[in-house]
Number of protein chains: 2
Amino acid sequence: MNNPTLEDIDKIIHEPARLLIVMHLSLVEKADFLYLLAVTGLSKGNLSTHLQKLETEGYVEISKQFLGKKPQTILQLTPKGARKLLEYKITMQNLWDKL
Amino acid sequence: MNNPTLEDIDKIIHEPARLLIVMHLSLVEKADFLYLLAVTGLSKGNLSTHLQKLETEGYVEISKQFLGKKPQTILQLTPKGARKLLEYKITMQNLWDKL
DNA sequence: AGGACTGGTTTGCGATACAAACCTAAAGGA
DNA sequence: TCCTTTAGGTTTGTATCGCAAACCAGTCCT
């Protein structure tokens, strides 16, 4: 029967705010903080902490640079992050097939 | 562009443990506590509190009866619960289509 | 009687999501 | 020049929540 279990669901990605972030990053493959801020609709604090979480888990790479005199934070999905997103998608779609 | 937002994701259903519960209930339309305990693999306490949450949100109806001398807790999805699950499914599938 | 099992519920705690408050530096106005 | 505002984030505080351990009422066994 092989019921779906909870362990199969990646909690890092499953969190809605992070799911949005990661999905957007997978579409553009590179983005800055303000872009994500706009497209996700998250608050700055919220976005910042979720990005940090994604970084410590190795899903996202955060790099900082200056654009003229303004600081800029660039985000991109790591290979691991991309893989995990794909796995998550498959897990969830399997779930739906049972429904 | 109409980006998906966080508000669209039903947090009640989104929680993995509850998603499992609700999916199983949608398949059988009626189940007792011990059946759910087995198929979901949740701990008793965890199952109990999630069911209570689903009840207070009006997604699940909890009724208790005696089967011989043993107490038995019967669970079933309410119409609202069934509708919400369907909406959740659609929301998530729309999300995947963008990916 | 008393110990173990059934069928759950309640309690305690650790983790987490979230926004408000904060911070540093640059730009603009008086 | 000083002072206020804006940009671009980060840190802090809080309230919620998921989870399992502990608990509980009732039944069965011996």
Side-chain angles (χ1 to χ4, degrees), chain A residues 4-25 30-76 88, chain B residues 4-25 30-76 88:
Chain A
T5 66
L6 292 177
E7 299 85 64
D8 297 330
I9 299 178
D10 184 338
K11 297 290 219 74
I12 303 299
I13 293 204
H14 189 64
E15 172 62 29
R18 284 189 303 256
L19 181 54
L20 282 184
I21 293 172
V22 169
M23 286 182 65
H24 279 290
L25 285 178
K30 199 164 207 183
D32 66 355
F33 189 91
L34 295 177
Y35 170 77
L36 285 178
L37 190 63
V39 295
T40 62
L42 296 171
S43 68
K44 291 188 295 180
N46 210 184
L47 177 56
S48 178
T49 51
H50 281 304
L51 285 173
Q52 278 174 150
K53 175 112 193 181
L54 287 168
E55 184 189 34
T56 67
E57 299 288 340
Y59 286 35
V60 163
E61 191 187 340
I62 304 183
S63 54
K64 287 161 189 298
Q65 61 181 38
F66 274 84
L67 190 65
K69 307 223 167 162
K70 307 268 174 168
Q72 196 185 203
T73 303
I74 303 289
L75 294 319
Q76 62 182 312
Y88 176 79
Chain B
T5 65
L6 292 177
E7 298 84 65
D8 297 331
I9 298 180
D10 184 338
K11 297 291 220 73
I12 303 300
I13 293 204
H14 191 64
E15 171 62 29
R18 284 188 302 257
L19 181 55
L20 281 184
I21 293 171
V22 169
M23 286 181 64
H24 279 291
L25 285 178
K30 199 165 205 181
D32 67 354
F33 189 91
L34 295 177
Y35 171 76
L36 286 178
L37 189 62
V39 294
T40 62
L42 297 170
S43 68
K44 292 187 296 180
N46 210 184
L47 178 55
S48 178
T49 52
H50 281 304
L51 285 173
Q52 277 173 152
K53 175 115 194 178
L54 287 169
E55 183 189 34
T56 68
E57 300 288 341
Y59 286 35
V60 162
E61 191 189 340
I62 304 183
S63 55
K64 287 159 187 301
Q65 61 182 40
F66 274 84
L67 189 67
K69 307 221 164 161
K70 306 267 175 168
Q72 197 186 202
T73 303
I74 303 289
L75 295 318
Q76 60 182 315
Y88 177 79

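Residue numbering restarts at 1 for every chain, and letters A, B, ... go by the order of the sequence lines. What's counted below: heavy atoms across the whole structure, side chains too, no hydrogens, waters or symmetry copies.
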How close do L51(B) and I62(B) get, heavy atom to heavy atom, and via which atoms?
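So the minimum-distance heavy-atom pair works out to O-CD1, 3.7 Å.
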Mind listing the closest non-hydrogen atom pair of A17(B) and L42(B) along with its distance?
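In this case the closest contact between A17(B) and L42(B) is CB-CD2, 3.8 Å.
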At what distance, to the nearest 0.5 angstrom, does CG of L47(B) lie from CZ of R18(B)?
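Answer for the CG-CZ pair, L47(B) versus R18(B), is 12.0 Å.
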Nearest-angstrom distance from the residue atom [atom1] of [X] to [atom2] of [N]:
{"X": "K69(B)", "N": "dG7(C)", "atom1": "NZ", "atom2": "C1'", "result": "16 Å"}
{"X": "L36(B)", "N": "dG7(C)", "atom1": "CG", "atom2": "P", "result": "14 Å"}
{"X": "L42(A)", "N": "dT10(D)", "atom1": "CG", "atom2": "P", "result": "14 Å"}
{"X": "K53(B)", "N": "dT16(D)", "atom1": "NZ", "atom2": "P", "result": "10 Å"}
{"X": "E55(A)", "N": "dT10(D)", "atom1": "CD", "atom2": "P", "result": "10 Å"}
{"X": "F66(B)", "N": "dG26(D)", "atom1": "CZ", "atom2": "C1'", "result": "8 Å"}
{"X": "E15(A)", "N": "dT16(D)", "atom1": "CD", "atom2": "P", "result": "16 Å"}
{"X": "K11(B)", "N": "dA17(C)", "atom1": "NZ", "atom2": "P", "result": "8 Å"}

So, is [X] close to the [N] phosphate, meaning a side-chain N or O under 4.0 Å from OP1 or OP2?
{"X": "K44(B)", "N": "dC24(D)", "answer": "no"}
{"X": "H50(B)", "N": "dC17(D)", "answer": "no"}
{"X": "N46(B)", "N": "dG18(D)", "answer": "no"}
{"X": "R18(A)", "N": "dA17(C)", "answer": "yes"}
{"X": "T73(A)", "N": "dG9(D)", "answer": "yes"}
{"X": "Q52(A)", "N": "dT11(D)", "answer": "yes"}

Describe, in one word, how the ring planes of H14(B) and H14(A) are oriented to each other, choosing from parallel (under 30°), tilted (30 to 60°) and perpendicular (over 60°).
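Judged by the thresholds at 30° and 60°, the geometry between H14(B) and H14(A) is parallel.
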Could you check P71(B) against I74(A) and say which one's nearest nucleotide on DNA chain D is further toward the 5' end?
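Closer to the 5' end of DNA chain D: I74(A).
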Please compare K64(A) and K70(A) by the position of their nearest nucleotide in DNA chain D and report the one closer to 5'.
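Counting from the 5' end, the first nearest nucleotide belongs to K70(A).
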Within the structure shown, what part of the strands sits under 4.0 Å from L37(A) by heavy-atom distance: base, sugar-phosphate, or nothing?
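The residue L37(A) makes no contact with any strand.
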Which is true for L34(B) with a 4.0 Å heavy-atom rule: it touches a base, it touches only sugar-phosphate, or it touches nothing?
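Sugar-phosphate only.
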Pairs flagged by side-chain hydrogen bond (donor to acceptor under 3.5 Å, both in side chains) wherever residues 51-62 of chain B is involved - sequence neighbours left out:
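Those involving residues 51-62 of chain B are D10(B)-Y59(B).
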Using the side-chain heavy atoms of F33(B), tell me which of these nucleotides is nearest: dT11(D), dA20(D), dT9(C).
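The answer is dT9(C), which lies nearest to the side chain.
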